[in-house]
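The analysis underlying the following values was restricted to heavy atoms, covering all of them including side chains, and did not include hydrogens, waters or symmetry mates.
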Amino acid sequence: ATQRALPPRAPPARASIAFGDDEDDAGPSGGHQHRQTKADALMKAEMEAKDAAAANQAARAARARSPPPGEHAGGGASDAWLVPGIVVKVMSKELKEHGYYKAKGVVERVIDKYVGEIAILSSGDVVRVDQAQLETVLPAPGGRVLVLVGRDRGRRGTLEAIDTERFQAKVSFSGGETSWLDYEAISKLSSS
């Protein structure tokens with residue numbers, strides 16, 4: 001009984017799948033594979049760049065809606081800035097169907113530091129809105145403001161000027177002192 005050595009087995013052939021009318025496919029190796037890989041890489045890089053740009057835009061929008069953390073009189077940091085008597089703009093898209101989106105109102109009461117009962121100026125309706133969905137409102141120059149964050153938190157002043165390139169407003173306080181503050185650090189005081 002002689003044993004015969006069998007020839008080594010060849011790896012199985014890979015099936016080639018062609019899509020569409022690609023006449024210039026180069027057989028089973030897939031002639032477009034190299035170009036497709038470059039295109040995929042370019043598309044992936046472009047999608048990543050778009051995602052990063054969208055994330056940056058969302059972060060800028062969030063900073064524009066909510067003032068940066070300020071200082072309490074006691075010295076601890078706080079991100080709560082809502083106080084009764086200031087004018088705010090409702091930016092909650094969920095309230096759009098009720099006609100409150102981008103409506104201005106006065107904070108009547110603050111609940112648990114972050115939720116305000118807002119009296120809508122145009123209708124008198126009162127709605128509860130989280131501060132994350134509110135924006136501060138600047139008066140015209142000469143209007144009264146309240147400082148919401150920072151070392152001057154709680155001080156009342158008069159808006160003197162607006163710098164649209166730096167997104168800051170010049171506020172004067174009693175005693176002749178002035179300070180440039182970010183838009184989000186102040187809000188218009190209600191006249192009532």
Side-chain angles (χ1 to χ4, degrees), residues 46-73 77-173 178-192:
E46 187 175 325
M47 291 300 288
E48 288 172 354
K50 283 182 181 180
D51 289 345
N56 285 339
Q57 185 175 5
R60 280 194 305 272
R63 282 192 302 273
R65 282 194 304 272
S66 296
E71 294 288 322
H72 274 300
S78 170
D79 57 354
W81 56 268
L82 269 182
V83 292
I86 62 171
V87 179
V88 293
K89 185 188 283 189
V90 176
M91 299 305 291
S92 172
K93 291 186 180 177
E94 292 83 20
L95 296 175
K96 189 173 189 171
E97 67 187 54
H98 302 289
Y100 302 130
Y101 180 63
K102 292 194 175 183
K104 291 181 183 176
V106 176
V107 178
E108 289 193 339
R109 189 167 81 119
V110 177
I111 303 162
D112 295 331
K113 294 184 357 179
Y114 300 102
V115 177
E117 286 188 349
I118 314 300
I120 303 299
L121 294 174
S122 60
S123 66
D125 296 344
V126 176
V127 294
R128 284 189 180 181
V129 184
D130 188 278
Q131 80 171 14
Q133 302 204 347
L134 297 170
E135 283 184 355
T136 59
V137 173
L138 296 180
R144 301 287 295 155
V145 297
L146 180 68
V147 180
L148 305 174
V149 297
R151 67 179 173 84
D152 292 319
R153 181 184 176 120
R155 292 184 72 185
R156 294 170 187 253
T158 302
L159 187 128
E160 298 293 332
I162 296 173
D163 184 338
T164 56
E165 289 182 14
R166 294 186 339 188
F167 303 103
Q168 291 187 332
K170 183 179 181 181
V171 176
S172 65
F173 301 102
T178 62
S179 186
W180 282 97
L181 301 168
D182 291 337
Y183 288 169
E184 298 86 12
I186 59 174
S187 197
K188 178 180 179 176
L189 275 168
S190 172
S191 57
S192 53

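Between V171 and G157, the shortest heavy-atom distance links the atoms CG1-CA, 3.9 Å.
With R153 contributing its side chain and L148 its backbone, the two residues share a donor-acceptor pair below 3.5 Å. Looking only at distances, a side-chain donor or acceptor of S187 sits under 3.5 Å from a matching main-chain atom of V87. Formation of a donor-acceptor pair under 3.5 Å by the D130 side chain with backbone atoms of A132 is found in this model. Panel note: side chain Q131, backbone W81; a donor-acceptor pair is recorded below 3.5 Å.
Pairs of residues two or more places apart, or lying in two chains, that qualify as side chain to side chain donor-acceptor pair (under 3.5 Å) and include a residue from residues 95-106 are Y100-D125. The side chain to side chain donor-acceptor pair (under 3.5 Å) analysis of residues 160-171, with sequence neighbours excluded, yields the pairs E160-S172, D163-R166, R166-Q168, Q168-D182.
With rounding to the nearest 0.5 Å, the separation of CD1 in I186 from CG in L146 is 9.5 Å. Rounded to the nearest 0.5 angstrom, D152 CG and S179 OG are separated by 5.5 Å. In this structure, CE on M91 lies 10.0 Å from CD on Q133, to the nearest 0.5 angstrom. Between I162 atom CD1 and Y183 atom OH the span is 5.5 Å, to the nearest 0.5 Å. In this structure, CG on L121 lies 12.0 Å from NZ on K89, to the nearest 0.5 angstrom. Here the CG atom belonging to L82 is positioned 6.0 Å from the CD1 atom belonging to I118, to the nearest 0.5 angstrom.
V110 is not listed as a side-chain neighbour of V115, based on a closest heavy-atom distance of 4.5 Å or more. Residues I86 and K188 form no side-chain contact, since every pair of their non-hydrogen atoms from C-beta on lies 4.5 Å or further apart. Side-chain contact between V127 and I120: present, with at least one pair of heavy atoms (C-beta onward) separated by less than 4.5 Å. A heavy-atom distance below 4.5 Å is not found between the side chains of V145 and L189.
By the salt bridge (charged side-chain N to carboxylate O under 4.0 Å, His left out) test, R144 is found to be paired with no residue, residues two or more places apart in sequence or in another chain being considered.
More than 12 heavy atoms of other residues, nucleotides or ligands sit less than 6.0 Å from atom CZ of R155. Taking a 6.0 Å sphere around CZ of F167, one finds it holds 12 or fewer heavy atoms contributed by other residues, nucleotides or ligands.
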Kindly determine whether E117 and V107 satisfy side-chain contact (heavy atoms from CB on, under 4.5 Å), including the steps that lead there. CA-CA 6 Å; E117 286 188 349; V107 178; over 6 Å; no
